[in-house]
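See below for the structure under consideration.
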Amino acid sequence: LEAVIHMLEQSGTDMLHFDVMDGRFVNNISFGIPVLTAIRKKTDLFLDVHLMIADPLQYVARFAQAGANGITFHLESEGDPQKTIDAIHACGIPAGIVIKPMTPAEAVLPYLSSVELVLVMTVEPGFGGQAFLWEMLEKVRFLRCTAKEQGLHTMIQVDGGINAETALAAVDAGADNLVVGSYLFRQENPKIVIDFLHQLSENQK
Ligand code: ZN
C-alpha cells in the first residue's frame, strides 16, 4: 500500500479517495480507522474519506482524528444529515454529501449551501469495477447549475466507472473531481491517466 501511495504521489494525484464500507450500509467490508491512521503517517496527500457506513455521525470525529482531510457521508445513511455535516465541520475539515444512483439530486438541495462537496455515485456503492451509469450525468448537470445559481463553489465529485470516455462526459456535465480506480490501476503508467484527466479540466476552463 505504501509503495502504491508513493507511486500515486509521483503521478500527480490530487487526493487519495478512501472508501470505507461497514458491511451494513453496503454488503462489502473494506477498511477503517487503523488503516487510515497508517496511511496518514506515510503521505501528505489530501485524504478524501468516503463513508459508506450506516451511522456516520458516530464515527466522523474518529476519522478526522485519524487524519482525514475531508469526509463525505451518504444522505441515505442513518441520522440527521445536518448534524453529521456540523460534526464534520466541528473537526475543522470540509464536509461532503453523497447520493446513491436511486436517490434524486433534489434530495441534496436542503444541504447544498452547507457542504463543500457533493458526490454523485455513478455506480451502486460497494464494489469496484462496475459500469458507469450514464443517466447520473443529469444529476451532475442539475447540481452544477443549481450551485452556480446560488453562488456556491461546491465541488461536484463523481465516483464509479470512470474511464477516458466517461471522464470526458462527467467533466462536460460539470464535475470537477473524478474518483478513479480500475481505470488508473489497469494502466502500466498511471501518470498518463492523471495527466489526461488534468488536461480535461484545463480544457473545460
Ligand atoms: Zn468512493
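First listed ligand is number 1; within each ligand, the first listed atom is number 1.
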query: For D159, what is the atom name of its N, O or S atom nearest to the Zn ion (ligand 1)?
result: OD2
- line: Of all N, O or S atoms in D19, the one closest to the Zn ion (ligand 1) is OD1
message: I'd like to check S30 versus M52 (side-chain heavy atoms, cut-off strictly below 4.5 Å). Are they in contact?
response: no
query: I162 and Y183: which non-hydrogen atoms are nearest, and at how many Å?
result: O-CB, 3.0 Å
Pair E76 + K100: basic N to acidic O under 4.0 Å: no
- prompt: Step by step, would you call Q199 with D195 a side chain to side chain donor-acceptor pair (under 3.5 Å)?
  reply: CA-CA 6 Å; Q199 198 56 46; D195 287 349; over 6 Å; no
field: Atom nearest to the Zn ion (ligand 1) - H50, N, O or S atoms considered
entry: ND1
